[in-house]
Student: 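Mind having a look at this structure? Questions to follow.
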Amino acid sequence: MAQHSLGEFEELVLLMVAALHDEAYGVSILSGLEKELGKSLNVSAVHVALKRMEDKDFVKSRFGGITEDRGGRRKKYYVITALGKRVLDEQFALRNNIYNRIPKISFG
Amino acid sequence: MKNSPPKRPLQFLRWFCREDYLEEIEGDLIEVFGREVEDSPSKAKWKLSWSVLKYFRPGFIRSFSNSNQFSPMGMYKSYFKIGWRNLLHNKGYSLLNIVGLAIGMMVAIVNGLWIWHEFSYNKYFDNYDRIAQVVEVGLDLEEGGTYTYNSMTYPLGADLVEKYNHQFKRLARASPQQEKILTAGEIKTTSLGLYVDEEGPELFSLKMLEGTRAGLAEMNSVMLAKSVADALFGSKEPINQTIRINNKTDVVVSGVFEDFPQNTEFSEVKFFAPWSLYVSENKWIQERALTDLRNHFLEIYVEIEKGNTFESVSSQIKSALQFAPEDLEDAKKREAELALYPMSDWHLHPAEVRDGQMEPMLMLKLVGAIGAFVLALACINFVNLSTARAEKRAKEIGIRKAIGSFRSQLIGQFFTESFLVVIFSFILALILTVLVLPGFNQIATKNMEIPLGNGWFWVASFGFVTFTSLLAGFYPALYLSSFNPIRALKGSFRIGRFASLPRKVLVVFQFSISVILIIGTIVVYRQIQYAKDRPVGYDREGLIMMRKQSADFNGKYDVLRQELKNTGVVSEVSESMGSITQIYSGNDGWDWKDRKPEDEGDFATLSVSHLHGKTVGWQFVDGRDFDLNIASDSLGIVINESALERMNLQDPVGELVSWTWRGDENKVLNYKILGVIKDMVMASPYEPARPTMFYLKGHNGTPNWVNIKINPQVSASEALAEIESVFKKVIPTVPFEYKFADEEYAAKFGKEERIANMAFIFAGLAIVISCLGLLGLASFVAETRTKEIGIRKVLGASVAGLWAMLSKEFVWLVFISCLVAAPLSYYLMDGWLQNFIYRTDLSIWVFVATGVGAIGITLLTVSYQGVKTALMNPVNSLKSE
């Protein structure tokens, strides 16, 4: 499963891409994650994760239209691929499975 | 705007980041910055810079090694493909270009080889850079500058051998080059040779084919060149065979060496004999020269030690020079001292340049300049044809630029095209050079060859091709690539009125050079003709001369003369000291009535036999020839007109003249003038005749030439056969060798004629190249004006009028060239003519004739196109739109 490995931060970014569906581009992913995690991130970290996952075929990208507030640069939108979704599902199932095996322990 | 993102980090990002990521990253960074700049601009800027730095990591940095992401080889291939198609597409122009360039390059190659050949002189010797000749140098008090004198006395030679030998590695005294008869059994040959010290063969690094370099240890030994050994012995083994020198001295062959190549100082030397033999053969050396400080007759060659310099050795030996007491004061004035004259200077910096001759270095510079100019002319053709056709290629260039071609790529394209043309031209030029080199060698009397096996030749060739492509392609590449793509594509592109100005200037330059070369050639030919037309003062027809090569002639002259006269093919025979075509000796000590005190009384002197005047055809202006029947004529003298003028005698015949002969204890001889003859051209035909005294043999000087006048009624070949049979009967031990006086005389013009012939060839090629260019330009102009001419014809223009219109421009240019060339060539040729005392004038007609000729050739060249275009049916030129 080497080629399907998914790092922790990558998983977060992939989740965000899937969540934002069709509206996911660098800055929207960044601000979404910042809001969820409650801390500030560097946009370069997002880009690095995106490029890695694109190489692994978990996401695919397309260019959007030109917008004013980006100095005339186009946005690059990302969507999750079927493979990406499956990896995410497997990851979720794996965690859920193990989580469900936790006996009911009270820390009260 | 204050809140705009910082430029530097983004520039940095753009520089390193992969192109396919760049837009997204830059956009996101700017967007993030836009959100944060409201809170704190400086923090936002820092953050952006920090982010940019974080992208500086593998995966985001673009590949710098190959920024185009594809191999540039394809681009180069395309350059060549397009260049090749362009050549094929315009076959006519390409041919003009290639042929013109090939001719220019051929001239450059030949001239380059020539210069290389001149520099190769004497490099044959192993110790080339350590060999020198011992010479006397000092101030030339009469003509200014310094003099170099290479003839040394016997005592000086002995001194150097005994006292100074530690300064040299090797030292060899040598005789001047001697012509000797070598006899082996029945076979005789005449060869030049040197008598040298034992170390001579080692010093000159003879390439021994048989025997060793130590072959001159024995006094009666000789070393022969291969050619002479073959001539004397054929396939027989030459070593230890006995040959006889001048039918007198028997010597044993101790070695055979490879003949010296033509580009060496000793190329004519075919044998070496020991110095001791020279001394023993010449009694006068033992009798008079051993202690005589005034008798200069030998040459001294030395090889210095490795690591030593000529300067330091020179300074060690400079005071070795000794003088006779009576010359001491004069020598001090001249600051005479000994010096070493390095072998590397012998050929290109000769000690003495004779009047009317060109210094070798100057000659080389001239050759180099001509080669460079002719090559430049050919390059100009290329430049002119390329830029003239620019309009045709404007669209191509426009499209190339529009689809993203950089200017540097276009320049590469055009350089590739010029490189292609130059490569083809170079191959053609090499073939041409191989073809013309034998003929050229004959004219230049050289034996140059293309060093195809020499790696440096190919390195130089590659450099030459690159240089020529840059020279030819430089301007077109910059000019063509500078077009504005929008204007070129809209079709509004027009070459302005002044765009053709550089082209016109170049044409004027071309024709100026050509016209200068032509005028130069004509002037050289005229000068030669002028000197040839000069009255010679004697009759060269059927006059043959024979040098008395050995003592075998002694006492045979009267018999020879009588026998020759008996055959009837000879009308007269005489003897003289020195041949007719040279001045052999001169003496001072002459005195006559009313001699001015400042006149030193030095005249050329020639001892002759009776009837010499009749043999060579003296032309008397006063008095009479020597008469066999008048005994007192033995103290008579015949002078030439120049001598008469110098002596300034009113009534010369019968005047008394005295001659104090220093060589013989100041004996005074008293002569009476018998007659005055017209000046004879004996020395240089470009100089006035020397004042000359002719006296009968018997007093001083031994006649060493026999002159034979062939009976004018008999053909030369018939007469020669008869003369030969008589000669073989009378003097069988000497080879029958003779010279024709008219051939010897003609040889005096050899050097100038060679220059003239070469100038003629180069001038011809220059004009051919220039005309090729003009032909190309004319056809181009005619082509672009086809429609205009069609309309003109429809409106009623005459063919003659159109022809004049098309030719006028070019004729103008050539006319301007003539105006430029005339003063320049006048200046140059006037300077050249100053070398000659006896010289032609620079007639205005030379310039006029050359100008008319150049314009005529131009008209011929451009008229072909002009008339062709003017005759075209206007329907054909107008219907296609």
Student: So among A:R74, A:K76, A:R73, which one has a salt bridge (Lys or Arg N to Asp or Glu O under 4.0 Å) with B:E23?
Tutor: A:R74
Student: Where does A:V46 contact chain B at under 4.5 Å (heavy atoms): side chain, backbone, both or neither?
Tutor: neither
Student: Verify the neighbour count for atom CZ of B:F467: are there more than 12 heavy atoms of other residues, nucleotides or ligands below 6.0 Å?
Tutor: no
Student: So for atom CD, which belongs to B:Q11, do other residues, nucleotides or ligands contribute more than 12 heavy atoms lying within a distance under 6.0 Å?
Tutor: yes
Student: B:D28, B:I30, B:V32: which one forms the most heavy-atom pairs within less than 4.5 Å of chain A?
Tutor: B:D28
Student: For A:F9, I'd like to know if atom CZ has over 12 heavy atoms of other residues, nucleotides or ligands within 6.0 Å.
Tutor: yes
Student: Check this for me: B:R393, atom CZ, are more than 12 non-hydrogen atoms of other residues, nucleotides or ligands nearer than 6.0 Å?
Tutor: yes
Student: If you draw a 6.0 Å radius around CH2 in B:W84, do more than 12 non-hydrogen atoms from other residues or ligands fall strictly inside?
Tutor: no
Student: What's the spacing between A:H47 NE2 and B:F60 CZ if we round to 0.5 Å?
Tutor: 7.5 Å
Student: Which residues in residues 22-31 of chain A have any heavy atom closer than 4.5 Å to a heavy atom of chain B?
Tutor: A:Y25, A:G26, A:V27, A:L30, A:S31
Student: Got B:E24 and A:K51 here, is their nearest side-chain heavy-atom distance under 4.5 Å?
Tutor: yes
Student: Tell me which of these, B:I25, B:L22, B:V52, has more heavy-atom pairs under 4.5 Å with chain A than the rest.
Tutor: B:I25
Student: I need the residue from B:G59, B:S51, B:G27 with the largest number of non-hydrogen atom pairs under 4.5 Å to chain A.
Tutor: B:G27
Student: Just how far is it from atom OG of A:S40 to atom NZ of B:K47, taken to the nearest 0.5 Å?
Tutor: 4.5 Å
